[in-house]
Structure formats: C-alpha cells, structure tokens
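Please read the structure below before turning to the comments.
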Amino acid sequence: MSYAAYVFDAYGTLFDVHAAVRRHAEAIGPDGQAFSELWRAKQLEYSWVRSLMGVYVDFWELTEQSLDHAFQRFPSADPKLKKPLLDAYWALDCYPEVPAVLKGLKERGARIAILSNGSPAMLASAVKNAALDIIIDDVFSVDAVKAFKTAPAVYDLVTTSYRLYPQAVSFQSSNRWDVAGATKFGFRTVWINRADSPDEYKDSGPSLILPSLESLQFGI
C-alpha cells in the first residue's frame, strides 16, 4: 500500500545519535559508549520532564544540558571535549540506507518529510550535511508548537500542513515511545528497531516493525 506522505523522525531514525561520540572515541576513552548512551537518555528525559511541567526549552539547549550531565557522571571524559562533541552533533552521520530509501519513496510520488524534536537550526544542519536537502520536501520541528513529542499537537503539524487524514501518513521512528504517540494520533506507524529491543506500549503497537529503513524503498 502506498501513502501520500512518508514522515520520519530524525535522531536515531535517519541520523545516528552516537556518531558524535564515536568521532571522538579515542579522546573520551573506555567509557565512550556508556557516555554516549547517557547523553542520549538524558536528552530525551529532559524533553519529557519539560513537557510534563508545561515548559518548553529549545532542544539544542537540552542537548547541551544533557551533555554537561554526562561529563559529571563520567569524570574520565575531558570536559574540553564539550565543544568538539557539540560541533559533531550538528553534522551527525545518516544511516547508510537513508539516501536511497528516501529517494525511492520520492520517486513513487510520495511527500518526504521529517518530524522531530530538534530545533529548526539543528535539523537544517543535519539535513544539509547528509545531502538530504535535495530529497526531503519539508522539515517539521516541534518548535512550531512549543511542545515535545508525544504531544498530539506535534503530529498534527503534518496533517494540518498537508491537509491529510492521519491514515494517509506513514510515520517511521526508531523510538518506540514516539511510535506509540504517532499510533495513538492515527498515523500508520513503522518502528525501525535497529537495536532489536523488546516491544513496549502494547496498547499502541506499530503497524510494522523493521530492522532498518531499507525495506521501505519497496513501497511497503
């Protein structure tokens, strides 16, 4: 079945959130993987807590705050690496299959978009660095509604802009909680389970589970 629009989460789905630390792995030392995982976990936690508080803080500011926390938790990592790590986050690597998949879907006539917690500047940098700006039609940032996923107003950015019913949109995310929110909103959802993680949120299950985005280029 084809969809009018294929909408993708950015971080962890199109872009590898651990690429920044990996570029500086030698300088960070043996705690690099745990450091990166904590940075990401706190980045998300901070967005959820702010949402519950009814407070909006730019995602880039949350990214910096969560990195500061990671340095505090891992004193073996040199705080002088803060700027290089943040600079690297502006130009994260996309996953290898991404360009071909997005191009294939676009050639089938679908709209291609990003829907992300990221700030507009962060997303513009990531998209341009990965040379996806010639493929992606629109980039939707939560900054427009000053609320983070999984607020329904975030997913409504797509349906309102495109004047589509939710069921005409296929939404892809590597974040199971994001998939749950999008499913509840009414999107057809695809969980990109890159880490082979156990399923959660059984009351808001995805329409499809894939190990990567690769199969999407065949129009499933």
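Any value given below was found using the heavy atoms of this structure, including those in side chains, with hydrogens, waters and symmetry copies removed.
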If you count every heavy atom of other residues, nucleotides or ligands that lies below 6.0 Å from Q33 atom CD, does the total exceed 12? no

Please verify the inter-ring angle class for Y11 with F15; under 30° counts as parallel, over 60° as perpendicular, anything in between as tilted. tilted

Which atoms form the tightest heavy-atom contact between L105 and L216, and what is the distance? CD2-O, 3.2 Å

More than 12 heavy atoms of other residues, nucleotides or ligands under 6.0 Å from NZ of K128: yes or no? no

Would you call the rings of W48 and W177 parallel, tilted or perpendicular if under 30° counts as parallel and over 60° as perpendicular? perpendicular

W191 side-chain N/O to S174 backbone N/O, donor-acceptor pair under 3.5 Å: yes

What are the two closest heavy atoms between W90 and S125, and how far apart are they? O-OG, 2.5 Å

Hey, are the side chains of I114 and D138 touching, using non-hydrogen atoms and a 4.5 Å cut-off? no

Treating N193 as the side-chain partner and S197 as the backbone partner, does any N or O pair qualify as donor plus acceptor under 3.5 Å? yes

Tell me, do R188 and L208 make a side-chain contact under 4.5 Å, heavy atoms counted? yes

Taking atom CG of L213 and atom CG of L102, what is their separation to the nearest 0.5 Å? 7.5 Å

Would L92 and D16 count as a side-chain contact (heavy atoms from CB on, under 4.5 Å) here? Give the steps. CA-CA 6 Å; L92 294 175; D16 184 352; 5.8 Å; no

At what distance, to the nearest 0.5 angstrom, does CG of L44 lie from CG of N175? 6.0 Å

Using the side-chain contact (heavy atoms from CB on, under 4.5 Å) rule, take L85 and V21 through it: C-alpha gap first, then chi angles, then the decisive distance, then the call. CA-CA 7 Å; L85 286 171; V21 169; 4.2 Å; yes

Does the distance from a Lys or Arg side-chain N to an Asp or Glu carboxylate O, for D203 and K184, drop under 4.0 Å? no

Looking at D143 and K146, does any basic side-chain N land under 4.0 Å from a carboxylate oxygen? yes

With a 6.0 Å cut-off (strictly less than), is the heavy-atom count around NZ of K106, excluding the residue itself, greater than 12? yes

Going by the angle between their ring planes, with limits at 30° and 60°, are Y155 and F171 parallel, tilted or perpendicular? perpendicular

Taking atom CG of D58 and atom CZ of R50, what is their separation to the nearest 0.5 Å? 11.5 Å

Test: R73 cationic atom under 6.0 Å from F71 six-membered ring centre, within 45° of axis: no

In terms of heavy-atom contacts, L115 and V154 come closest through CD1-O, 3.6 Å

Other residues, nucleotides, ligands: >12 heavy atoms within 6.0 Å of E64 CD: yes

side-chain hydrogen bond (donor to acceptor under 3.5 Å, both in side chains) between Y46 and E61: does it pass, once the steps are laid out? CA-CA 10 Å; Y46 290 174; E61 185 175 339; over 6 Å; no

T13 and V98 have their tightest heavy-atom pair at O-CG2, 4.5 Å

Do any N or O atoms from the side chain of S66 and from the backbone of L62 form a donor-acceptor pair under 3.5 angstrom? yes

Locate the shortest heavy-atom distance separating G118 from F59; write the atom from each residue and the value. CA-CD2, 3.7 Å

Is the NZ or CZ atom of R111 positioned over Y162's six-membered ring, under 6.0 angstrom from the centre and within 45° of the axis? yes

Straight-line distance of D156 CG to F140 CZ, nearest 0.5 Å: 10.5 Å

Atom pair NE2/CG of H24 and L81 - distance to nearest 0.5 Å: 7.0 Å

Whether D31 side chain and S76 backbone form a donor-acceptor pair below 3.5 Å: no

Donor-acceptor contact below 3.5 Å, side chain Q172 vs main chain I192: no

Does a donor on one side chain and an acceptor on the other come within less than 3.5 Å for Y89 and Q43? yes

Side chain D137, main chain I112, donor-acceptor under 3.5 Å: yes

Do NZ/NE/NH1/NH2 and the carboxylate oxygens of E37 and R40 come within less than 4.0 Å? no

CG of L123 to OG of S116: how many Å apart, nearest 0.5 Å? 4.5 Å

Of all the heavy-atom pairs spanning P206 and R176, show the shortest one and how long it is. CD-NH2, 3.4 Å

